[in-house]
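Proteins come first, then strands; the chains are lettered A, B, ... in the order of their sequence lines, and each starts at number 1. Small disclaimer: the values here were computed from a predicted structure and weren't measured.
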Amino acid sequence: MGAREGTEKFRLLSAMEIFAEAPEAVATMDRLAPMVTAQRGDRLSDPSRRGGGLHFIKRGHVRLYALDPTGHEATVAVLGMGHVFGEVGSLAASPPDLYADAMDEVALCTLRRGDLEELLRQEPRLGLRLLEALSGRIRDLEEQLVALALQDVRHRLLLLLARLAAAFGDPAGGWASIDFITHQEIATMIGSTRETVTATLSGLARSGAVRTGRRQMWVNTAVVARLLNAAGREPR
DNA sequence: TCATTAAATTTCT
DNA sequence: AGAAATTTAATGA
């Protein structure tokens, strides 16, 4: 440590949950991984830019999605502070070609593959944290896969709201605030369309599950949980 | 039930 | 003003 301890970058790295038990790694990351910032809509990664290393999100939100030739998108993950994306996905099998866009003001640090291995040797506990994070991603994907196969749009939307509120919700008096997502983006997360999302959301608003504003939602997690339960028992 | 198409309306820059 | 985001409505699979 030393001269860099006071920098914005060092402070953001220290705040990342992954590094909670690995303070030594913060200094190494600070030395090896340059930080870049981006604005909403900026492309952070695309299929041609694979193998570009491991990206640590320090601020903001990133959407990973597939894009088909007709322009339709399917969102695979929405990631926030402390999450990683990039090289990890390709450690095992060959992943689908994904794009990564900034959803708001994003800051991230990128570690080249070789440097990642060095860091993991120095701080094995970091590997465990990474494994936990990736396991969580798999669990979310499995949940979403089942919902896509078996549930209607309303149920899938409720599920998404519950997950977004838990992951990113800024809770104030029982209402979790989410302010970086459009209806269009929600549609790509649940396999639906912008118009259907708007209609379904206003239905849920009438049920008291959400309040909506332009690029802003307040999710009542208690009501969402109750509606999910009720729907689960109803046959379709 | 929900995607698609079309159009109107609201809100941001 | 112009762009972006949201809303409503009609239609058909």
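Under 3.5 Å, the side chains of A:Q216 and A:S177 contain a donor-acceptor pair of N or O atoms.
If you measure from atom CZ of A:R215 to atom P of C:dT6, you get 8 Å, rounded to the nearest angstrom. Per the geometry, CD1 belonging to A:I186 stands 12 Å off C1' belonging to C:dT6, to the nearest Å. In this structure, A:R156 places its CZ atom 7 Å from P of B:dC2, rounding to the nearest Å. Following rounding to the nearest Å, A:Q216 (CD) and B:dT10 (C1') show an atom-to-atom distance of 16 Å. The interatomic distance linking A:E195 (CD) with B:dT5 (C1') rounds to 8 Å, in whole Å. As rounded to whole Å, 14 Å separates atom C1' of C:dA5 from atom CE of A:M217. Whole-Å rounding puts the A:D104 CG to C:dA4 C1' distance at 17 Å.
Contact annotation: the side chain of A:L32 never approaches that of A:L119 to less than 4.5 Å [non-hydrogen atoms, C-beta and beyond]. Counting heavy atoms from C-beta outward, A:V78 and A:M189 have side chains that approach closer than 4.5 Å. The shortest distance between side-chain heavy atoms of A:E73 and A:Q184 does not fall below 4.5 Å.
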| field | Check against side-chain hydrogen bond (donor to acceptor under 3.5 Å, both in side chains), A:R63 and A:T75 | value | CA-CA 7 Å; A:R63 185 171 67 97; A:T75 295; 2.9 Å; yes
| task | Using the side-chain hydrogen bond (donor to acceptor under 3.5 Å, both in side chains) rule, take A:T37 and A:R59 through it: C-alpha gap first, then chi angles, then the decisive distance, then the call. | result | CA-CA 9 Å; A:T37 59; A:R59 185 184 24 225; over 6 Å; no
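Between C:dT7 and A:S202, no contact under 4.0 Å exists linking OP1 or OP2 to a side-chain N or O. At least one side-chain nitrogen or oxygen of A:R40 sits closer than 4.0 Å to the OP1 or OP2 atom of C:dA5.
Under the 3.5 Å distance criterion, the side-chain polar atoms of A:S207 are matched with a main-chain donor or acceptor of A:G203.
If you check every strand for non-hydrogen atoms under 4.0 Å, A:G41 touches nothing.
Taking the six-membered ring for Trp and thresholds of 30 and 60 degrees, A:H61 and A:F168 have ring planes more than 60 degrees apart, a perpendicular arrangement.
Residues from residues 176-184 of chain A with heavy atoms under 4.0 angstrom of DNA chain C, sorted by number: A:T182, A:H183. In the region residues 62-80 of chain A, proximity to DNA chain C at under 4.0 angstrom, judged on heavy atoms, holds for none of the residues.
Nearer the 5' end of DNA chain B, as judged by each residue's closest nucleotide, is the contact made by A:T196, out of A:T196 and A:R214. Ranked by how close their nearest DNA chain B nucleotide is to the 5' end, A:V197 and A:R194 are led by A:V197.
Checked against a 6.0 Å centroid threshold, the rings of A:F85 and A:F56 do not count as neighbours.
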